[in-house]
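One structure is given here, and the rest of the page talks about it.
Letters go in sequence order (proteins before strands), and every chain restarts at 1.
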Amino acid sequence: MRVQLQHVAHVRSGDKGNTSNIMAIAYSEDLYPLLKEQLTAERFKAYYGGAIKGPVDRYAVDHLWALNFVAQGALGGGVSRSLCLDNYGKALSAAILGFELDVPDRLANQLRGL
Amino acid sequence: MKRLRIGSGSAWWGDRVEPARLNAEHGDLDYLCFETMAEATVSAAQVRARRDPDFPGYDTYLDDRMQAVLPGCIKRGTKIISNQGWINPDGAAQRVTHWLRELGARGVKVAAVSGSVITDRVLDLTDTILENGKPTSTLKDSLVSAEAYLGAEPIVEALRQGAQIVITGRVADPSLFMAPMMHEFGWDPSDHVRLGRGIGLGHLMECGSQVTGGYFPDPGFKDMPEPWNLGFPIIEVEEDGSAVITKLPGTGGAVNLMTVKEQIFYEVHDPANYLTPDVVVDFTTTQLEEIGPDRVRVTGIGGKPRTPTLKVSIGCMEGFIGEDMFFYAGPGALRRAKLAKQILEERFKIVGLDAEEVRIDFLGLNAIHGDATPKDLPEPYEIAVRVAARTKTRAEAVKVGREVDGMAVSGIAMTGKRVPHQDRTREIIGVWSSLVPREKVQSSIAIYES
């Protein structure tokens with residue numbers, strides 16, 4: 001089945017200067033490997049389109065089921081200079097909730113919000 | 001076995017006060033720690049102090065916070081660590097002694113830790129702006145304030161001198177929470193194993209309720225009990241730096257694996273190398289275990305020797321932002337919003353708006369995610385047209401609001417608007433980062449007694 005990331009992982013974003021870090025943490029141990037395989041740094045950056053101006057690095061911490069994406073140039077020059085209403089990019093992590101993943105049917109009972 | 005109980009009193013300047021009072025009165029705390037500074041806090045305080053001689057230069061909620069927590073802290077003997085000193089730790093410390101006397105608590109030692117401000121010599125002590133690689137000397141004309149991030153050591157020294165309350169200027173946020181661990185357990189500043197654990201725990205605590213259910217609930221996906229009544233976190237630390245994160249019974253929210261995991265990575269880049277003044281933290285070895293309701297045991301956070309430099313924040317006056325919005329609703333809201341955008345763009349040409357960047361958003365459609373917004377969305381019923389421009393002078397920034405004013409009677413059909421308020425501009429205090437050799441920054445401690 002094909003589902004949005006919001007059913008597979010929870011997200012949060014943080015700001016430092018003009019860099020936003022956006023984490024995606026799988027809801028279960030079984031869901032984590034497919035999240036790690038399908039949500040690469042390249043796909044993440046592409047999904048955000050022009051909203052991320054710089055490179056994206058991905059750090060994986062497997063035993064916490066967590067991916068941390070560090071996106072440079074994502075905050076309009078930094079909190080105080082940004083013309084975006086969400087100066088801190090606190091809501092920026094929410095965009096990736098719409099990223100679609102392939103999930104085997106046998107894991108359907110581990111998906112949230114369905 | 002000695003075990004420390006350290007509570008959070010605030011995670012930022014605007015945080016709620018009531019949960020701090022609850023922690024002070026019912027937390028059975030050894031220490032209560034307050035974090036109240038953002039990246040631009042010091043620079044903004046400097047700008048305000050220049051214009052407003054009555055501004056004391058410390059946390060504007062100092063009185064509220066201290067009045068709320070001092071009775072409970074005095075009764076229990078809870079010590080307080082706080083960075084509410086901003087640009088005037090001495091003034092803040094003296095103000096705290098005032099409130100102590102009001103409560104009849106005499107002879108309490110309050111320390112002020114200063115030394116982080118290096119504005120007068122920052123251009124001599126630093127070379128490169130970390131964000132863009134340019135020399136820091138390029139900031140000479142716009143420089144407002146520069147401060148180094150101090151570590152836990154001056155707080156530990158103040159505690160050693162008998163302070164029961166320590167008020168600081170800029171100190172790295174997690175260091176505020178680690179200082180009590182170093183002091184009470186006798187951890188050596190070179191013990192990077194224990195300091196790594198302590199700073200890692202401080203990192204989990206410094207954002208307060210973000211580890212107890214704040215910045216977390218998402219209905220149907222991640223629910224939280226009583227999200228209107230969140231408790232601030234409490235940590236129980238053992239001498240080896242292992243700990244349990246919890247919160248007061250009867251408060252809303254929760255402490256569980258999900259809340260703790262999210263906070264581990266909050267504002268962290270490489271999780272194996274989280275740089276702080278005291279130690280380099282490695283979060284990748286962290287072990288978490290739910291050992292009871294709202295109790296998560298945290299062990300295994302790694303530490304590596306600290307770097308020879310301290311981070312410096314350099315605040316600069318970089319101009320102004322003008323900003324305003326107006327509204328459309330009902331069938332056809334989007335087509336009217338699009339014409340309004342076109343009118344504004346033409347008007348900005350006519351009045352010669354000199355801006356570094358202009359942004360016109362359709363709030364309700366694409367204002368928050370910008371280019372990351374999916375295409376071909378259904379048309380929203382309501383749209384706010386929100387316009388912002390970054391300019392060198394206030395006179396240019398004012399033009400944004402003035403052109404929005406013009407949309408009232410010279411605009412298009414069915415334009416909703418707010419009552420004009422203020423001049424709809426604000427100053428930009430941009431923050432840049434650099435590094436300074438740590439031996440070039442000397443802290444100082446003054447002790448006041450109530």
**Message:** At a 4.5 Å cut-off on heavy atoms, which part of L130(B) comes close to chain A: side chain, backbone, both, or neither?
**Reply:** neither
**Message:** Would the distance check show the side chain of N21(A) and the main-chain N or O of H269(B) forming a donor-acceptor pair, the cut-off being under 3.5 Å?
**Reply:** no
**Request:** For each of T373(B), T286(B), L288(B), tally heavy-atom pairs with chain A at distances under 4.5 Å, and name the one with the top tally.
**Result:** T286(B)
**Item:** All pairs passing ring pair (Phe, Tyr, Trp, His ring centres under 6.0 Å) where residues 8-31 of chain A contributes a residue, at least two apart
**Value:** H10(A)-Y27(A)
**Request:** Kindly say whether K90(A) contributes a backbone atom to a donor-acceptor pair with the side chain of Y215(B) at under 3.5 angstrom?
**Result:** yes
**Message:** Please classify the contact between S13(A) and chain B as side chain, backbone, both or neither, with a heavy-atom cut-off of under 4.5 Å.
**Reply:** both
**Prompt:** Is there a side-chain contact between M23(A) and V268(B) (heavy atoms, below 4.5 Å)?
**Reply:** no
**Message:** For the OG atom of S93(A) and the CD atom of E262(B), what is their distance to the nearest 0.5 Å?
**Reply:** 8.5 Å
**Item:** K53(A) side chain near D371(B) side chain, heavy-atom distance below 4.5 Å
**Value:** yes
**Request:** Go through the atoms of Q72(A) and report whether side chain, backbone, both or neither lie under 4.5 Å from a heavy atom of chain B.
**Result:** neither
**Asked** Can you find a heavy atom in the side chain of W65(A) that is under 4.5 Å from one in the side chain of K261(B)?
**Response** yes
Atom pairs and distances, donor-acceptor, side-chain atoms in residues 103-110 of chain A, under 3.5 Å, two or more places apart:
| from | atom 1 | to | atom 2 | distance (Å) |
| --- | --- | --- | --- | --- |
| D105(A) | OD1 | M1(A) | N | 3.3 |
| Q110(A) | OE1 | S28(A) | OG | 2.4 |
| Q110(A) | NE2 | D30(A) | OD2 | 2.8 |

**Prompt:** Taking C-beta and beyond as the side chain, do E131(B) and N18(A) meet within less than 4.5 Å on heavy atoms?
**Reply:** no
**Message:** With chain A as the partner, which of P271(B), C207(B), P374(B) has the greatest number of non-hydrogen pairs under 4.5 Å?
**Reply:** P271(B)
**Request:** Identify which of D57(A), I96(A), T19(A), L114(A) forms the greatest number of heavy-atom pairs closer than 4.5 Å to chain B.
**Result:** T19(A)
**Asked** Given a strict heavy-atom distance threshold of 4.5 Å, which part of S433(B) is in contact with chain A: side chain, backbone, both, or neither?
**Response** neither
**Request:** Tell me, out of N68(A), L83(A), D62(A), L92(A), who's got the most heavy-atom pairs with chain B below 4.5 Å.
**Result:** L83(A)
**Message:** Given 3.5 Å as the limit, does a donor-acceptor pair link the side chain of H369(B) with the main chain of A51(A), or not?
**Reply:** no
**Prompt:** Are any side-chain N or O atoms of S80(A) and backbone N or O atoms of I429(B), one a donor and one an acceptor, separated by less than 3.5 Å?
**Reply:** yes
**Message:** Donor-acceptor check, side chain of R390(B) to backbone of R81(A), threshold 3.5 angstrom: yes or no?
**Reply:** yes
**Request:** Check whether L363(B) gets within reach of chain A through its side chain, its backbone, both or neither, counting any heavy atom under 4.5 Å.
**Result:** side chain
**Item:** Under 4.5 Å from a heavy atom of chain B, the part of V11(A) involved
**Value:** backbone
**Request:** With a 4.5 Å cut-off on heavy-atom pairs, point out which of G14(A), G50(A), C84(A) contacts chain B the most.
**Result:** C84(A)
**Request:** Go through the atoms of I368(B) and report whether side chain, backbone, both or neither lie under 4.5 Å from a heavy atom of chain A.
**Result:** both
**Message:** Using heavy-atom distances under 4.5 Å, tell me whether A272(B) contacts chain A through its side chain, its backbone, both, or neither.
**Reply:** neither
**Request:** Answer with side chain, backbone, both or neither: which region of R359(B) has an atom nearer than 4.5 Å to a non-hydrogen atom of chain A?
**Result:** both
**Ring-ring centroid check F221(B) H7(A), cutoff 6.0 Å** = yes
**Message:** Under 4.5 Å from any heavy atom of chain B, what part of K45(A) do you find: side chain, backbone, both or neither?
**Reply:** neither
**Request:** Under 4.5 Å heavy-atom distance to chain B, tell me which part of A94(A) shows up: side chain, backbone, both or neither.
**Result:** both
**Complete:** Most heavy-atom pairs under 4.5 Å with chain B, out of V70(A), D86(A), L85(A), belong to L85(A)
**Message:** Counting only heavy atoms not in E290(B) (residues, nucleotides, ligands), do more than 12 fall under 6.0 Å from its CD?
**Reply:** yes
**Asked** Do I25(A) and M258(B) have side chains that get closer than 4.5 Å, going by heavy atoms?
**Response** no
**Asked** With only heavy atoms counted, which part of E357(B) is less than 4.5 Å from chain A, the side chain, the backbone, both or neither?
**Response** both
**Item:** Evaluation steps, side-chain contact (heavy atoms from CB on, under 4.5 Å), between F265(B) and V61(A)
**Value:** CA-CA 10 Å; F265(B) 295 97; V61(A) 182; 3.8 Å; yes
**Asked** In terms of heavy-atom pairs under 4.5 Å with chain A, which of V431(B), D270(B), T284(B) leads?
**Response** D270(B)
**Message:** Under 4.5 Å from any heavy atom of chain A, what part of E427(B) do you find: side chain, backbone, both or neither?
**Reply:** neither
**Request:** Give the intermediate values and the outcome of side-chain contact (heavy atoms from CB on, under 4.5 Å) for residues Q263(B) and R12(A).
**Result:** CA-CA 9 Å; Q263(B) 199 50 29; R12(A) 176 176 288 192; 2.5 Å; yes
**Item:** Over 12 foreign heavy atoms within 6.0 Å of OH, Y47(A)
**Value:** yes
